[in-house]
Amino acid sequence: MTTIPRTASRNDRERTIRAAWIIGLGLLLLILPRLIYPVLALDILAWGLFAVAFDLLFGFSGLLSFGHAAFWGSSAYFTAYLLASGQSVPVAMLGGTLSALVLAVPIAYLSVRSAGIYFSMITLAFAQMVYFVALQWTDVTGGENGLQGFERPSLFGLDFSNSVTRYYFCLAVFALGFYIAYRTVRSPFGQAQQAVRDNEQRAQSIGYNPVRFKFTAFMISAGLAGLAGSMYTFGHGVVSLDVTKWTTSGEVVMMTLLGGTATLFGPAVGAGLVLLLRDQLTTSSLPVGIVTGLVFVVVVLFFRAGVVGTVQGWLRRR
Amino acid sequence: MNTQLLLIQVFNGLVNGAFYALLSLGLAVIFGMLRIVNFMHGALYMLGAFTAFALGQAFGLGFWPALILAPLIVGVLGMVLERTLLSRLYGLEPSYNLLLTFGLTLLTQDLVKQVMLSQFAVSSAPYTTPEVLTGVVNLGFVVFPKYRLFVIALTLVICLVTWFVIEKTRVGAIIRASTENPSVTRAFGIDVSKWVTGVFGVGVGLAGLAGVLAAPIYSVEPYMGAELIITTFAVVVIGGLGSILGSVVTGFAVGVLAAVGAAIYPPIANTLVFVLMAIVLLVRPSGLFGLPEGTR
């Protein structure tokens with residue numbers, strides 16, 4: 001991706017901007033359940049982490065996955081299954097994340113050997129495989145009906161039937177996930193990953209193995225998407241077939257683009273904007289697909305840097 | 001499973017395969033020539049079916065005129081989209097074309113849904129088979145609906161014609177030259193961008209045609225292209241992205257394999273194509289008929 005702004009430079013100005021983003025968004029997330037209803041706020045956390053996970057692959061590795069619903073969805077189902085079988089919340093979330101990682105091994109292995117559009121179509125097709133399994137394996141997934149009515153046992157005296165408590169628990173999980181993403185991008189691994197993205201031949205000639213880097217990036221991304229998916233299940237208390245649908249894969253792409261690719265904060269901001277927009281639309285008579293489609297088109301055509309990308313570019317130029 | 005049943009499944013598979021072939025042919029033409037992955041292809045297929053339905057409802061137009069008119073309308077719409085929107089993204093990563101056409105897909109599906117509900121008061125409607133093609137044909141070994149045989153035959157003819165035009169004629173030579181080396185082709189006095197628009201129009205026209213052909217078999221509804229396009233993408237990956245021969249052969253083959261597979265073990269019907277894709281990718285990452293990456 002040549003049009004994506006680099007985030008690698010480490011001058012003071014960059015550091016100040018970054019600190020401002022962290023503090024600003026952190027404060028906003030802390031008071032969010034007071035501004036909007038807590039379930040929506042929790043949705044923003046889950047989708048936000050999902051979008052950050054997706055962007056690790058798209059923005060920082062240049063791989064446009066069109067099948068990330070596979071990891072988000074499988075984790076959502078597995079978390080629900082573990083909760084239903086009486087496991088505690090952290091075990092269920094960990095189990096969900098692990099299921100996404102296990103699923104990611106063969107998919108990553110088969111897809112990272114391809115690049116560009118090929119990669120997108122392959123990931124999309126694999127996600128579709130997961131979708132059909134979820135649709136047809138009704139004994140486990142509930143098919144079209146999905147899963148509901150599972151427990152969310154309380155933990156350390158936290159009562160998870162309260163949506164505000166759930167939100168703050170998830171905020172901690174989100175912070176952990178975001179920190180992993182942040183460390184990944186800032187680490188030597190992340191730098192090499194971006195070098196592979198920018199010029200694969202050059203990266204290879206200085207001794208990096210591009211396929212191995214892409215594979216690792218894919219695994220981290222899938223794992224975080226899984227963590228986000230488990231958070232989503234935990235937040236809602238239901239899982240529907242939608243979690244594995246291709247539109248879900250598309251939606252996370254849209255959130256990331258709208259917020260700004262390769263910016264770390266961008267995807268989370270984008271997720272917030274899309275969900276707030278959708279929330280507004282449910283009370284209006286406008287059909288969601290028309291508006292989201294339109295937003296998507298406008299962003300791709302005229303606004304590829306996204307909200308955070310645009311603001312950062314503007315701050316840098318000043 | 002007895003032979004009779006197997007043969008019926010093979011024929012049913014050929015019908016599904018015809019749609020995969022027609023759609024992936026259009027995708028192959030568009031990708032092979034323009035490097036655009038047209039996610040909207042499924043939505044344009046649906047628009048073909050919807051246009052036929054709407055023309056019938058509004059003007060009482062029958063199947064045959066619709067079979068000509070609807071693909072033309074879809075083709076022209078495609079050309080307008082190419083000129084006004086897609087052309088803005090040339091020179092960027094092909095991913096952005098995928099993203100743009102994805103957004104247009106969401107938009108189109110919901111727009112058609114709104115129009116169907118407000119104008120025709122239905123959200124899904126059957127489309128009648130033309131009278132000449134109702135009934136069945138006895139092929140001796142199997143009895144099969146006439147209309148489905150017609151779909152298979154017409155698709156084969158169209159695939160052959162498309163292949164012939166692109167590989168064997170002067171028009172095909174110009175198109176290939178325009179896409180492989182636009183600046184040199186321009187130097188010969190050929191208006192490359194006009195050809196590009198035309199190729200896109202023909203490609204999506206094929207999707208529109210597939211839609212009209214599908215209308216009497218599956219009913220007309222706004223999301224009829226959504227699942228189909230994903231399967232078609234898998235077909236394209238198996239056949240080799242941009243390969244015309246690959247898309248046609250794989251389209252029919254996948255249709256038949258999925259139908260036969262479904263007869264043996266029903267739950268596998270929808271997933272078989274993706275399993276096939278995984279196997280092919282392991283053996284030949286660039287697809288059965290595709291050139292290895294980097295050679296184009």
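Keep in mind that the numbers below use all heavy atoms, side chains included, and drop hydrogens, waters and symmetry copies. The shown structure was predicted, so the numbers you read here are calculated from the model rather than taken from an experiment. Below, chain A is the first sequence line, B the second, and so on; all start at residue 1.
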A.B. asks: Tell me which one of A:Thr247, A:Leu273, A:Val299, A:Val295 satisfies side-chain contact (heavy atoms from CB on, under 4.5 Å) with A:Met254.
C.D. replies: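 Only match with A:Met254 under side-chain contact (heavy atoms from CB on, under 4.5 Å): A:Val295.
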A.B. asks: Taking B:Leu85, B:Thr271, B:Leu100 one by one, which has the highest count of heavy-atom pairs under 4.5 Å against chain A?
C.D. replies: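 Among the listed options, the one with the most contacts to chain A is B:Leu100.
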A.B. asks: Taking it one step at a time, do A:Phe215 and A:Tyr109 satisfy side-chain contact (heavy atoms from CB on, under 4.5 Å)?
C.D. replies: CA-CA 7 Å; A:Phe215 181 84; A:Tyr109 177 76; 4.2 Å; yes
A.B. asks: Which atoms of A:Val297 come close to chain B, meaning under 4.5 Å heavy atom to heavy atom: side chain ones, backbone ones, both, or neither?
C.D. replies: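 Both backbone and side chain.
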A.B. asks: Quick one: which of B:Leu86, B:Asn38, B:Leu34 gives a side-chain contact (heavy atoms from CB on, under 4.5 Å) with B:Asn97?
C.D. replies: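 The option that passes is B:Leu86.
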A.B. asks: Which bit of B:Leu99 comes within less than 4.5 Å of chain A, counting heavy atoms only: side chain, backbone, both or neither?
C.D. replies: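 For B:Leu99, heavy atoms of backbone and side chain both lie under 4.5 Å from chain A.
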A.B. asks: Tell me yes or no: between the side chains of A:Tyr131 and A:Asp242, is some donor less than 3.5 Å from an acceptor?
C.D. replies: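 No, A:Asp242 and A:Tyr131 have no side-chain donor paired with an acceptor closer than 3.5 Å.
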A.B. asks: With chain B as the partner, which of A:Ile122, A:Val133, A:Leu257, A:Leu294 has the greatest number of non-hydrogen pairs under 4.5 Å?
C.D. replies: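 The residue among A:Ile122, A:Val133, A:Leu257, A:Leu294 with the greatest pair count is A:Ile122.
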A.B. asks: Tell me, side chain or backbone of B:Leu104 under 4.5 Å from chain A's heavy atoms, or both, or neither?
C.D. replies: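 Looking at B:Leu104, backbone and side chain both touch chain A.
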A.B. asks: Measuring heavy-atom distances to chain B, does A:Phe119 have an atom under 4.5 Å in its side chain, in its backbone, in both, or in neither?
C.D. replies: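 Neither part; nothing is under 4.5 Å.
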A.B. asks: Check each atom of B:Val37 against the heavy atoms of chain A and say whether the ones under 4.5 Å are side chain, backbone, both or neither.
C.D. replies: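 Answer is side chain: those atoms of B:Val37 sit under 4.5 Å from chain A.
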A.B. asks: Could you check A:Phe218, A:Phe54, A:Phe50 and say which one makes a ring pair (Phe, Tyr, Trp, His ring centres under 6.0 Å) with A:Phe71?
C.D. replies: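 Of A:Phe218, A:Phe54, A:Phe50, ring pair (Phe, Tyr, Trp, His ring centres under 6.0 Å) with A:Phe71 is met by A:Phe218 alone.
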A.B. asks: Between B:Phe233 and A:Trp246, does the ring centre distance come in under 6.0 Å?
C.D. replies: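 No, too far apart.
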A.B. asks: Out of B:Leu111, B:Thr108, B:Thr105, return the one with the most heavy atom pairs under 4.5 angstrom to chain A.
C.D. replies: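 Among the listed options, the one with the most contacts to chain A is B:Leu111.
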